[in-house]
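For this chain, numbers begin at 1 and follow the sequence in order. Remember, predicted model here, so these are calculated numbers, not experimental data.
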Amino acid sequence: MSLTKFTPLAAPLLDPRNEAALVEYALDRVFTASGGQLNDFSPSSPARALLEGQAFAGAELLFYLNQLPEAAAIAFLQIAGIQRILGTKAAVTLTVTITQLLGSTFTLPAGYEVTDK
């Protein structure tokens, strides 16, 4: 019997930028668009405070938009009546036959693989 290996589908990340990246992008964009006239972006600058607020709002929007594909797929599957049923853990009995006397305790190392052949 051959078991097919598979991995779950991963939801795509539509826009990977975080809040800090959005702030840096906005600062650069404002500086360039103003021809260098808006150039005080120190932590106490009103322009920086405004851009950080807008970047926060943008990051919040991106967070929810990035979840949209997965939410839509789950809603579709629910409408179609598809359910995720969790199985039980597999159990196995492994018999090891030692054919000669050992001078120490026999231990199978972590990660030891066993095949059915």
Out of curiosity, does [Y] fall in the hydrophobic cluster containing [X] (side-chain heavy atoms, cut-off under 4.5 Å, transitive links)?
X	Y	value
Y112	I98	yes
L108	L102	yes
I74	I79	no

To the nearest 0.5 Å, tell me how far [X] [atom1] sits from [Y] [atom2].
X	Y	atom1	atom2	result
L27	N39	CG	CG	11.5 Å
L68	L62	CG	CG	12.0 Å
F41	D28	CZ	CG	9.0 Å
N18	E24	CG	CD	10.0 Å

Practice prompt. Flag the pair V114 / V92 as yes when at least one side-chain heavy-atom distance between them is below 4.5 Å, and no otherwise.
Written response: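 Answer no - side chains too far apart.
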>> Can you confirm whether R48 sits close enough to V23 that some side-chain heavy atom of one is under 4.5 Å from a side-chain heavy atom of the other?
In response: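 They are in side-chain contact.
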